[in-house]
Asks: 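If you scroll down you'll find the structure; I have some questions about it.
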Amino acid sequence: MDKLSIIVPCYNEEESIPLFYDAVQKVVSKMTIEPEYWFVNDGSHDNSLKEMRALHEKDSHVHYISFSRNFGKEAGLLAGLDAATGDYVVVMDVDLQDPPEFLPQMYQELQSGEYDCIGTRRVDRTGEAKVKSFLSDMFYKFINKISNTEIVPGARDFRMMTRQMVDAVLSMREYSRFSKGIFSWVGFKTKYLDYHNVERVAGESDWTTWQLFKYALDGISDFSQAPLSLAVWTGSITSAISVLGILFIIIRKIVSPMSSIFGWASMVSIILFLGGIQLLCIGIVGKYIGRIYLQVKHRPIYIVKEKK
Ligand code: UDP
Ligand code: MG
């Protein structure tokens, strides 16, 4: 019998954990697989860990990893993937926004051997603020223009993968982890199942629009070097324009030597404009250097306090 590892990152989810387990168990018990749950407690401040311990006592298929502090969902995912021993691995949110009813179909599709990964894609965003949906549409359009790695719009992290693909994902030990990009970068054949948005069963999403915006910027700098080229291009264009300006001043001096006492206001604007562009370009370069800095320090991506 195949083993299916179910990876569930949790942050302050005491209410959702038992609901999640019951819902998934109901589906999994009807499948001919051996389940292996990996709950990852990402430094929760509530009783999430207690809930996990209780489930572990009740069902020997349930395991958990508890972090020493909050490391973020991406770190939680990685810890789960590191620990998983299954032939197939599925990544799920604990808030039941990833419907467990998809599991049998995902497993079946993978078994046919035609695909290495079955992902899910939201086709609508009911229950989400309009601004948020608009910004995220813009983000997908933009990142796909400037990155060679395809980022599928609306794709969730909810996906089932073969062992081969999981090993490929695990071979990427980058510090700054943008899963949507990583899953796509490793290649393999992915099929997307469409589904309608489901609201979370309990608790609240911790993602503010500002955090999502920062996450988007991180995704761009992780999977595209276009901002660096942008800096190069703005630099080149402004220097080309300044050469024209210099020529203009020299020629004017020769043609009419007395006409050069005007335009200090325009000069100040130009200086400010160029100063702004320079800072922007340095900032872009700095952003990438910051990433290099974090990467070369080789800090662990997460620290485990308890694992069972
Ligand atoms: N999560 C986590 N660490 C964090 C934030 C979230 O492990 O720092 C987990 C959370 O418990 C949930 C999943 O990641 O299982 C998705 O989080 P959420 O529902 O808040 O995000 P959304 O569904 O709005 O994208
Ligand atoms: Mg959610």
Side-chain angles (χ1 to χ4, degrees), residues 5-24 37-52 55 62-84 90-100 102 119-133 135-137 139-140 151-159 176-183 195-216 218-219 301-307:
S5 303
I6 302 167
I7 293 172
V8 203
C10 309
Y11 178 54
N12 295 340
E13 304 275 11
E14 56 181 6
E15 292 159 69
S16 311
I17 291 170
L19 296 174
F20 172 88
Y21 173 77
D22 290 342
V24 174
Y37 293 85
W38 279 103
F39 288 94
V40 182
N41 173 32
D42 186 12
S44 304
H45 303 295
D46 64 0
N47 287 323
S48 296
L49 182 58
K50 276 200 190 120
E51 295 291 342
M52 291 176 192
L55 286 177
V62 176
H63 303 274
Y64 62 86
I65 299 169
S66 185
F67 286 173
S68 59
R69 64 168 169 88
N70 179 253
F71 280 90
K73 181 185 172 184
E74 301 287 351
L77 274 183
L78 179 69
L81 291 176
D82 276 334
V90 63
V91 175
M92 297 179 85
D93 282 3
V94 73
D95 54 19
L96 289 177
Q97 279 187 307
D98 300 334
F102 275 108
T120 49
R121 185 163 55 186
R122 280 200 293 190
V123 287
D124 65 348
R125 296 171 156 260
T126 37
E128 195 183 70
K130 283 249 156 46
V131 195
K132 227 173 173 177
S133 315
L135 288 177
S136 90
D137 285 346
F139 164 70
Y140 285 117
I151 314 285
V152 178
R156 309 251 326 156
D157 286 340
F158 180 28
R159 56 179 67 227
S176 162
R177 301 186 73 80
F178 183 67
S179 283
K180 289 184 202 314
I182 290 176
F183 288 139
Y195 79 103
H196 293 280
N197 196 28
V198 184
E199 296 192 36
R200 38 163 57 242
V201 278
E204 258 176 47
S205 173
D206 298 302
W207 290 87
T208 61
T209 308
W210 174 242
Q211 277 172 319
L212 283 173
F213 180 69
K214 283 201 291 188
Y215 180 63
D218 287 348
I301 297 169
Y302 57 85
I303 290 172
V304 176
K305 182 162 175 234
E306 194 181 323
K307 182 173 171 183

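Atoms within a ligand are numbered from 1 in the order they appear, just like the ligands themselves.
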Asks: If only atom types and distance count, is the side chain of N12 paired as donor or acceptor with the main-chain N or O of H45 below 3.5 Å?
Replies: yes
Asks: Could you list the atoms of ligand 1 found under 4.0 angstrom from a heavy atom of E13?
Replies: 10 (C), 11 (O), 12 (C), 15 (O)
Asks: Within 45° of the six-membered ring axis of F71 and under 6.0 Å from that ring's centre, is NZ or CZ of R69 located there?
Replies: yes
Asks: Just to be sure I read this right, does ligand 1 sit under 4.0 Å from the backbone of K73, its side chain, both, or neither, counting only heavy atoms?
Replies: both
Asks: Within ligand 1, which atoms have a heavy atom of C10 less than 4.0 Å away?
Replies: 7 (O), 11 (O)
Asks: Out of D42, I17, N41, who is nearest to atom 3 (N) of ligand 1 when you count heavy atoms only?
Replies: D42
Asks: Under 4.0 Å from any heavy atom of G72, which atoms of ligand 1 are there?
Replies: 3 (N), 8 (O)
Asks: Would you mind telling me if ligand 1 is within reach of the side chain of V40, the backbone, both or neither, using heavy atoms under 4.0 Å?
Replies: neither
Asks: Only heavy atoms of D95, strictly under 4.0 Å: list the atoms of ligand 1 that pass.
Replies: 19 (O), 23 (O)
Asks: Are V8 and E13 side-chain neighbours, meaning at least one heavy-atom pair lies under 4.5 Å?
Replies: no
Asks: Restricting to N, O or S, what is the name of the atom of D95 that lies nearest the Mg ion (ligand 2)?
Replies: OD2
Asks: Can you tell if the side chain of Y302 reaches within under 4.5 Å of the side chain of E74, non-hydrogen atoms only?
Replies: no
Asks: Taking the ring centre of each residue, are F139 and F213 less than 6.0 Å apart?
Replies: no
Asks: Does the side chain of P100 reach to within under 4.5 Å of the side chain of M92, using non-hydrogen atoms?
Replies: yes
